[in-house]
Amino acid sequence: MRAAIYCRLSEEDRNKQSQSDDSASIQNQKAMLLAYAAQQGWEVSGIYSDDDYTGSDRRRPAFNRLLRDAQQQQFEVILCKTQSRFTRELELVEKYIHGLFPIWGIRFVSIVDNADTANKGNKKSRQINGLVNEWYLEDMSENIRSVLTSRRLGGFHIGAFALYGYRKDPNQKGHLLIDEEAAAVVREVFTLFSGGYGKTAIARLLNERGIPNPTEYKRLHGLRYRQPGGRNSTLWKYGAISDMLTNEIYIGNMVQGKYGSVSYKTKQNRPRPRESWYIVPGTHEPIIDRELWDRVQRCIAQRAKPFAGGTIGPFAGIARCANCGYAMRSSKSRGRHYLQCPSRYIAKEACIGSFIAVDWLEQLVLSELRRLTEAYLDTEALAKSLPIADDFQAQRKILRSELKDCQRKIDEYTEGIGALYIDRIRGELRESDYRAMHADFEKKRANLETLAAQRARELEALEETARLGDQRMELAEQYLHPAQLTREMSEILIERISVGKRKKGEKHPPVEIYWNF
């Protein structure tokens, strides 16, 4: 008779301390089963071995290959050390050992617990073994779950991967440290969004600058990473930006348990309600300060729609109809942006229909801001309190770092273009592939050169300002009398703006501004 040997080793077996448990190893299982097969006079047609798999994992590669070969009747006997090595699930015991194997003409034998389908008298003992193994799985699952819950409640990070922007502390298990290179990107994403950039626009900006997305970043730095569904995209996308902007881990809170397993019998996970998450504040150093975080969350809650080009208007969610109180929505006509009450389009009688031009409202707000600062602020005293030197140093450091990064990537693409040419000459690269890759490299290099030139001009202007000496009064004027209203300024300065219906004979509608100060 032809026999197939099946062996399995799980992580649990590796952690056993007793020397008497050495027989659990794959090699000892094989030796034991080969000796038994020789005693029975069976020919071993194949050895199927799964290393580091639990008895409840139905995706074991060798296990599934064994089942396929059994169905094709490539052997007559399946030989295991114990029934639990084959499976710990009672459902699979009944499906295969008592169901399909007899139909396929397969005899199942496990030598330690004396399970043998050729012996009709021990079917009940096989079912009892299956039931005991099922209980073992359930108890083990509950024990593991309780340990993980305890660690989560204690604020320990138990995930296989650290969140982008952090790294695992090598000296303290379950603790996170800031990864400064990635954290700089996280801070920029939050700053751009608070300044009015939309999520897609931020993703496009990062891609144009050649900044690798979180998964690609981990791969480039030799860290553990995964690609769901086998996708190998290296680009930033809307979803990645959206998830980042709402992740409380960036403000120092440990958030875990967003997903939970459906059952201990399956690897499938499903989302859990927020009230079931494990949130422990202050477990690690934050990347994002609370003020910026709160500003971003307010902007997200308003669900502001970006203008064309990806930036969010300065009055999104802030300008409201004086009649119905609804947030006014943006529209565009003949190159100009407008705000209008949406209730008017639901039903004509629902609202009077407030309507205003964005550029006119912006000038009105700036004019009123200038009037207030001139009336209530001492510009000279404020100018003297500005930490101009620190501001210059921080900006200079950022610009120099970005310029250096751009130049490094430009050199990499230049070197890559040369390597492509050599591969084409050697015949290792088809002409069509060469042209496509060459064009892609050239485009990316050109984008980086444009960005590098822009950063160089900004750095030169900054250096020139520094050479001119202390410019605090000019800087104070810039902030107190801005030429343009940004999204960030609106978030900080304005609580809401009430826009009424334009009266007949008047050019603009009535406006009331409610400041945050």
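One is the number of the first residue; the rest follow in order along the sequence.
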Item to check | Heavy-atom neighbours of Glu442 CD exceed 12 at 6.0 Å | outcome: yes
Next on the checklist: Main chain of Leu245, side chain of Gln297: is a donor-acceptor contact present, judged purely on distance under 3.5 Å?
Outcome noted: yes
Checklist entry - What residues form a salt bridge (Lys or Arg N to Asp or Glu O under 4.0 Å) with Glu368, not counting sequence neighbours? => result Arg371
Item to check | Arg219 vs Thr215 side-chain heavy atoms within contact, under 4.5 Å | outcome: no
Next on the checklist: Treating Glu248 as the side-chain partner and Asn253 as the backbone partner, does any N or O pair qualify as donor plus acceptor under 3.5 Å?
Outcome noted: no
Checklist entry - If every non-hydrogen atom of Leu235 is compared with every non-hydrogen atom of Asn213, which pair is closest and at what distance? => result O-ND2, 3.1 Å
Checklist entry - Tell me, do Ile158 and Gln256 make a side-chain contact under 4.5 Å, heavy atoms counted? => result yes
Next on the checklist: Please determine whether a side-chain nitrogen of the Lys or Arg among Asp294 and Arg298 lies less than 4.0 Å from a carboxylate oxygen of the Asp or Glu.
Outcome noted: no
Checklist entry - Between Phe315 and Leu485, is a side-chain contact (heavy atoms from CB on, under 4.5 Å) present by the stated rule, with each step listed? => result CA-CA 10 Å; Phe315 305 114; Leu485 188 69; 3.6 Å; yes
Checklist outcome for this item: In this structure, CZ of Arg187 is separated from CG of Leu292 (nearest 0.5 Å) by 10.5 Å
Checklist entry - Is the number of heavy atoms from other residues, nucleotides or ligands within 6.0 Å of CD (Gln172) greater than 12? => result yes
Next on the checklist: Let me confirm one number: the CZ-CG distance from Arg408 to Leu448, rounded to the nearest 0.5 Å.
Outcome noted: 10.0 Å
Item to check | Minimum-distance pair of heavy atoms, taken over all atoms of Phe190 and Trp293 | outcome: CE2-CE3, 3.7 Å
Item to check | Qualifying residues under ring-ring contact (aromatic ring centres under 6.0 Å, His included), relative to Tyr278, sequence neighbours excluded | outcome: none
Item to check | Pair Gln363-Asp359, side-chain donor/acceptor within less than 3.5 Å | outcome: no
Checklist entry - Rounded to the nearest 0.5 Å, what separation is found between the OG1 atom of Thr414 and the CD atom of Gln407? => result 8.0 Å
Next on the checklist: Are Ile410 and Tyr413 packed together at the side-chain level, in the sense that at least one heavy-atom pair is separated by less than 4.5 angstrom?
Outcome noted: no
Next on the checklist: Please determine whether salt bridge (Lys or Arg N to Asp or Glu O under 4.0 Å) holds for the pair Glu180 and Arg167, giving the CA-CA distance in whole Å, both sets of side-chain angles, and the decisive distance to 0.1 Å.
Outcome noted: CA-CA 10 Å; Glu180 285 299 339; Arg167 58 185 177 87; over 6 Å; no
Checklist entry - Would you say the side chain of Trp515 lies within less than 4.5 Å of the side chain of Leu369, judging by non-hydrogen atoms? => result yes
Next on the checklist: If I compare all heavy atoms of Ile287 with all of Gly165, which pair ends up nearest, and what's the gap?
Outcome noted: CD1-O, 3.4 Å
Checklist entry - Do NZ/NE/NH1/NH2 and the carboxylate oxygens of Arg60 and Asp57 come within less than 4.0 Å? => result no
Next on the checklist: Assess the residue pair Tyr338 and Ser333 against the criterion (side-chain contact (heavy atoms from CB on, under 4.5 Å)); give the C-alpha distance rounded to whole Å, side-chain angles, the decisive distance to 0.1 Å, and a yes or no.
Outcome noted: CA-CA 8 Å; Tyr338 297 90; Ser333 176; 4.0 Å; yes
Next on the checklist: Looking at Asp50 and Tyr53, would you say the former's side chain and the latter's main chain have a donor-acceptor pair under 3.5 Å?
Outcome noted: no
Item to check | Shortest non-hydrogen contact from Met328 toward Cys321 | outcome: CG-N, 3.8 Å
Checklist entry - Which residues pass the side chain to side chain contact (heavy atoms under 4.5 Å, CB included) test with Ala203, sequence neighbours left out? => result Trp236, Ile241
Next on the checklist: Tell me the closest heavy-atom pair linking Arg502 and Lys507, and the distance in Å.
Outcome noted: CD-O, 3.3 Å
Checklist entry - Between Tyr217 and Glu181, is a side-chain contact (heavy atoms from CB on, under 4.5 Å) present by the stated rule, with each step listed? => result CA-CA 10 Å; Tyr217 177 84; Glu181 183 179 352; 3.6 Å; yes
Item to check | Phe193 CZ to Arg295 CZ distance, which is reported to the nearest 0.5 Å | outcome: 11.5 Å
Next on the checklist: Can you confirm whether Met254 sits close enough to Leu176 that some side-chain heavy atom of one is under 4.5 Å from a side-chain heavy atom of the other?
Outcome noted: yes
Checklist entry - Atom NZ in Lys409, atom NZ in Lys444: separation rounded to 0.5 Å? => result 11.0 Å
Checklist entry - Are Phe156 and Lys173 close enough, and set up right, to give a side-chain contact (heavy atoms from CB on, under 4.5 Å), and what steps lead you there? => result CA-CA 8 Å; Phe156 293 96; Lys173 191 173 182 180; over 6 Å; no
Next on the checklist: Please enumerate all residues that pass ring-ring contact (aromatic ring centres under 6.0 Å, His included) together with Trp360, with sequence neighbours excluded.
Outcome noted: His508
Item to check | Pairing residues for Tyr434 by the ring-ring contact (aromatic ring centres under 6.0 Å, His included) criterion, not counting sequence neighbours | outcome: His438
Next on the checklist: Run the salt bridge (Lys or Arg N to Asp or Glu O under 4.0 Å) test on Arg496 and Glu512 for me, step by step, so that the C-alpha distance in whole Å, both residues' side-chain angles and the decisive distance to 0.1 Å come before the verdict.
Outcome noted: CA-CA 9 Å; Arg496 73 181 190 279; Glu512 290 186 43; over 6 Å; no
Checklist entry - Would you say the side chain of Glu415 lies within less than 4.5 Å of the side chain of Asp411, judging by non-hydrogen atoms? => result no
Checklist entry - Where do Pro170 and Leu177 come nearest, in terms of heavy atoms and distance? => result CD-CD1, 4.2 Å
Next on the checklist: When you measure from the side chain of Ser354 to the backbone of Val499, do you find a donor-acceptor pair of N or O atoms at a distance under 3.5 Å?
Outcome noted: yes
Item to check | Side-chain touch Val511/Ser498, heavy atoms, less than 4.5 angstrom | outcome: no
Checklist entry - Quick one: does Leu206's side chain get under 4.5 Å of Val189's, heavy atoms only? => result yes
Item to check | Distance (rounded to the nearest 0.5 Å) between Glu89 CD and Thr87 OG1 | outcome: 5.0 Å
Next on the checklist: Checking Tyr166 now: which residues fulfil ring-ring contact (aromatic ring centres under 6.0 Å, His included) with it, not counting sequence neighbours?
Outcome noted: His284
